[in-house]
Amino acid sequence: MKTLTATAHLEADTTSRVSLFGPTSGDEGFVSLRVEGEFVELSLIARPGTVDALRALARAAEEAAAALDRIAETTPDGGA
């Protein structure tokens with residue numbers, strides 16, 4: 001992975017989308033995973049052979065969501 005560090009807060013209206021860019025002559029194709037908010041857009045490019053890294057990212061996102069669920073269950077007003 002090429003290294004870049006950035007910080008942004010996810011908000012309730014943050015959107016995400018996946019776009020497929022199919023193979024062309026001389027290029028194997030890729031997918032773009034975009035996460036968009038009011039002030040920031042993050043685009044991750046995944047090429048064939050990177051599926052394990054993308055799946056690890058998905059597992060980490062699920063783990064983070066589960067942790068937020070647990071936080072919400074333990075707060076008095078039910079929210080974080």
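Just so it is clear, the structure is predicted and the values come from calculations on it, not from any experiment.
With hydrophobic clusters built from ILVMFWY side chains whose heavy atoms lie under 4.5 angstrom apart, Val18 does not share a cluster with Phe30.
For the atom pair CD (Glu41) and CD (Glu36), the distance works out to 4.0 Å, reported to the nearest 0.5 Å. Taking CG of Asp13 as the start and CD of Glu38 as the end, the distance is 7.0 Å to the nearest 0.5 Å. Note that the CZ atom of Phe39 and the CD atom of Glu11 stand 9.5 Å from one another [nearest 0.5 Å].
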| message | Between Thr50 and Ile45, is the side-chain contact (heavy atoms from CB on, under 4.5 Å) condition met? List the steps. | response | CA-CA 10 Å; Thr50 62; Ile45 305 300; over 6 Å; no

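The shortest distance between side-chain heavy atoms of Arg47 and Asp27 falls below 4.5 Å. Proximity of Leu44 to Leu57: side-chain heavy atoms (C-beta onward) are separated by under 4.5 Å at one or more points. No side-chain heavy atom of Leu33 sits less than 4.5 Å from a side-chain heavy atom of Leu42.
Arg59 has no carboxylate O lying under 4.0 Å from a charged side-chain N of Asp52, or vice versa, which leaves the two without a salt bridge.
Side-chain atoms of Ser43 and Ser32 form a donor-acceptor pair, as typed in the model, at a separation below 3.5 Å.
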